Participant: 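Here it is: the structure, laid out below.
Side chains included, hydrogens not; waters and symmetry mates left out as well; all remaining heavy atoms used. Every value quoted in this text rests on a predicted model; they were computed, and no experiment measured them.
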Amino acid sequence: MMRNLLSIFFIIVSLSAYSQNKKKQIHQPPTITVVEADSVSPKNDHSNTISEIKKFQVDLNEEYLNAEETPLRGDNFRKFKGHPFFPIDLKYRVTAKFEKNKNPVPFELPTSSGKSKSYQEYGKATFLLGGKPLTVNIYQSLDLMKTEEYRDHLFLPFRDLTNGKETYGGGKYLDLKIPEGDMIVLDFNLSYQPYCAYNAYDYNCPIVPAENKMDAEIRAGVMYDDVYHH
């Protein structure tokens with residue numbers, strides 16, 4: 001997982017083992033600072049944001065190049081040189097209106113293995129992208145919320161119109177922190193693919209719920225590379 005943190009909801013393994021065995025976890029969350037809406041205004045200096053995204057990319061590549069952490073096996077690991085990423089585009093870093101679910105009901109989220117994992121719908125995020133209003137559900141793992149390290153961890157699995165073309169057909173993941181107010185920053189430049197995109201045999205990945213399929217292109221984060229997806 002990402003060396004010092006994540007870096008999913010990409011992916012993955014048994015979430016119950018998430019906090020016990022790093023090799024069998026979803027990515028450990030990257031450091032994401034939830035900020036107020038005006039702090040991501042075009043009027044502000046975005047250098048720190050871009051540095052955060054670049055660090056995410058470096059950490060993700062280092063994880064996959066590390067024999068003890070990578071989901072890649074055999075020739076796929078030996079020939080891996082790094083992930084292809086979309087160009088960093090802050091259009092895909094959006095400040096969304098966040099509505100917390102006052103009475104979350106636990107449910108079983110299906111996974112790629114046919115099993116399921118326990119989550120609750122923590123809330124909804126609504127935002128504009130290219131002038132189009134979009135809403136996604138944000139989830140919380142019932143297993144992870146019991147741990148000190150991940151109790152503030154939220155999970156956004158999503159699909160969009162790039163899936164099966166420029167990105168993995170099964171969708172992508174984004175890790176978040178519980179926001180303090182009614183706004184949350186969704187930086188899709190930090191989105192990644194499930195481990196199952198690279199190794200479907202060894203990993204167990206949450207399937208993106210139908211309600212999180214967006215009618216928009218999210219051309220940000222990790223791209224799909226046929227070379228490493230077998």
Participant: Compare every heavy atom of Gln57 with every heavy atom of Phe86, then report the nearest pair and how far apart it is.
Facilitator: O-NE2, 4.4 Å
Participant: Considering all heavy atoms of both residues, which atom of Leu186 and which atom of Ala96 are nearest to each other, and what is their separation?
Facilitator: CD1-CB, 4.2 Å
Participant: If you compare all heavy atoms of Arg151 against all heavy atoms of Ile178, which two are closest, and at what distance to 0.1 Å?
Facilitator: O-CD1, 3.8 Å
Participant: Can you get from Leu142 to Tyr150 by hopping between Ile, Leu, Val, Met, Phe, Trp and Tyr side chains that sit under 4.5 Å apart?
Facilitator: no
Participant: So, do Tyr224 and Lys165 sit near enough that their side-chain heavy atoms are less than 4.5 Å apart?
Facilitator: no
Participant: Say you draw a straight line from CG of Asp152 to CD of Gln140; how long is it, rounded to the nearest 0.5 Å?
Facilitator: 9.0 Å
Participant: Taking Met223 as the starting point, is it possible to reach Leu161 by hopping between hydrophobic residues whose side chains are less than 4.5 Å apart?
Facilitator: no
Participant: Hey, is the main chain of Pro71 close enough, under 3.5 Å, to the side chain of Asn199 for a donor-acceptor pair?
Facilitator: yes
Participant: Between OG1 of Thr49 and NZ of Lys54, what distance do you get to the nearest 0.5 Å?
Facilitator: 12.0 Å
Participant: Do Leu154 and Val208 sit in one hydrophobic cluster, given that two such residues count as connected whenever their side-chain heavy atoms are within less than 4.5 Å of each other, even indirectly?
Facilitator: no
Participant: For Lys132 versus Asp215, what's the shortest heavy-atom pair and its separation?
Facilitator: NZ-O, 2.7 Å
Participant: For residues Pro157 and Pro206, determine if any side-chain heavy atom of one lies less than 4.5 Å from a side-chain heavy atom of the other.
Facilitator: no
Participant: Under 4.5 Å between side-chain heavy atoms, counting indirect links through other Ile/Leu/Val/Met/Phe/Trp/Tyr residues: same cluster for Phe158 and Ile207 or not?
Facilitator: no
Participant: What is the distance from atom CG of Leu134 to atom CG of Leu129, rounded to the nearest 0.5 Å?
Facilitator: 6.0 Å
Participant: With side chains defined as the heavy atoms from C-beta onward, is the minimum distance between Asp175 and Leu190 less than 4.5 Å?
Facilitator: no
Participant: Below 4.5 Å, heavy atoms only, C-beta onward: do Lys124 and Glu211 meet side chain to side chain?
Facilitator: no
Participant: Below 30° counts as parallel, above 60° as perpendicular, anything between as tilted: where do the rings of Phe85 and Phe56 land?
Facilitator: perpendicular
Participant: Between His83 and Asp225, is any side-chain donor less than 3.5 angstrom from a side-chain acceptor?
Facilitator: no
Participant: Quick one: CE on Met145 to NE2 on His153, what's the gap to the nearest 0.5 Å?
Facilitator: 12.5 Å
Participant: Going through the distances and angles, do Leu128 and Val94 end up as a side-chain contact (heavy atoms from CB on, under 4.5 Å)?
Facilitator: CA-CA 8 Å; Leu128 289 175; Val94 299; over 6 Å; no
Participant: Closer than 4.0 angstrom, basic N to acidic O: yes or no for Lys117 and Glu108?
Facilitator: no
Participant: Drop me the distance from Ile53's CD1 to Asn48's CG, to the nearest 0.5 angstrom.
Facilitator: 11.0 Å
Participant: If we only count heavy atoms from C-beta on, is the Tyr139 to Tyr122 side-chain gap below 4.5 Å?
Facilitator: no
Participant: Hey, does the side chain of Lys115 reach the backbone of Thr111 with a donor-acceptor pair shorter than 3.5 angstrom?
Facilitator: no
Participant: Please name all residues satisfying ring pair (Phe, Tyr, Trp, His ring centres under 6.0 Å) with Tyr92, sequence neighbours left out, ordered by chain then number.
Facilitator: none
Participant: What are the two closest heavy atoms between Pro209 and Leu109, and how far apart are they?
Facilitator: CG-CD1, 3.7 Å
Participant: Do Val58 and Glu62 come close enough that some side-chain heavy atom pair is under 4.5 Å?
Facilitator: yes
Participant: Taking the side chain as every heavy atom from C-beta outward, state whether Ile138 and Glu121 have any pair of such atoms under 4.5 Å apart.
Facilitator: no
Participant: Evaluate the side-chain proximity of Ser118 to Pro106: yes if any heavy-atom separation is below 4.5 Å, no if none is.
Facilitator: no
Participant: Are a donor atom and an acceptor atom from the side chains of Lys172 and Ser191 found within less than 3.5 Å of each other?
Facilitator: yes
Participant: Classify the ring geometry between Phe80 and Tyr64 as parallel (under 30°), tilted (30 to 60°) or perpendicular (over 60°).
Facilitator: tilted
Participant: Under the 3.5 angstrom rule, does the side chain of Asn189 hit a backbone N or O of Asp89 as a donor-acceptor pair?
Facilitator: yes
Participant: Who are the side chain to side chain donor-acceptor pair (under 3.5 Å) partners of Thr162, not counting sequence neighbours?
Facilitator: Asp160, Thr167
Participant: In Å, rounded to the nearest 0.5 Å, how long is the span from NZ of Lys97 to OG1 of Thr126?
Facilitator: 9.5 Å
Participant: Applying side-chain contact (heavy atoms from CB on, under 4.5 Å) to Phe188 and Leu174, what does each step give before you reach the verdict?
Facilitator: CA-CA 7 Å; Phe188 292 103; Leu174 181 62; 4.2 Å; yes
Participant: Within the distance-only criterion (no hydrogens, no angle test), does the side chain of Thr70 pair as donor or acceptor with the backbone N or O of Asn66 below 3.5 angstrom?
Facilitator: no
Participant: Determine, step by step, whether Glu52 and His46 satisfy the side-chain contact (heavy atoms from CB on, under 4.5 Å) criterion, reporting the C-alpha distance in whole Å, the side-chain angles of both residues, the deciding distance to 0.1 Å, and the verdict.
Facilitator: CA-CA 10 Å; Glu52 176 188 90; His46 294 303; over 6 Å; no
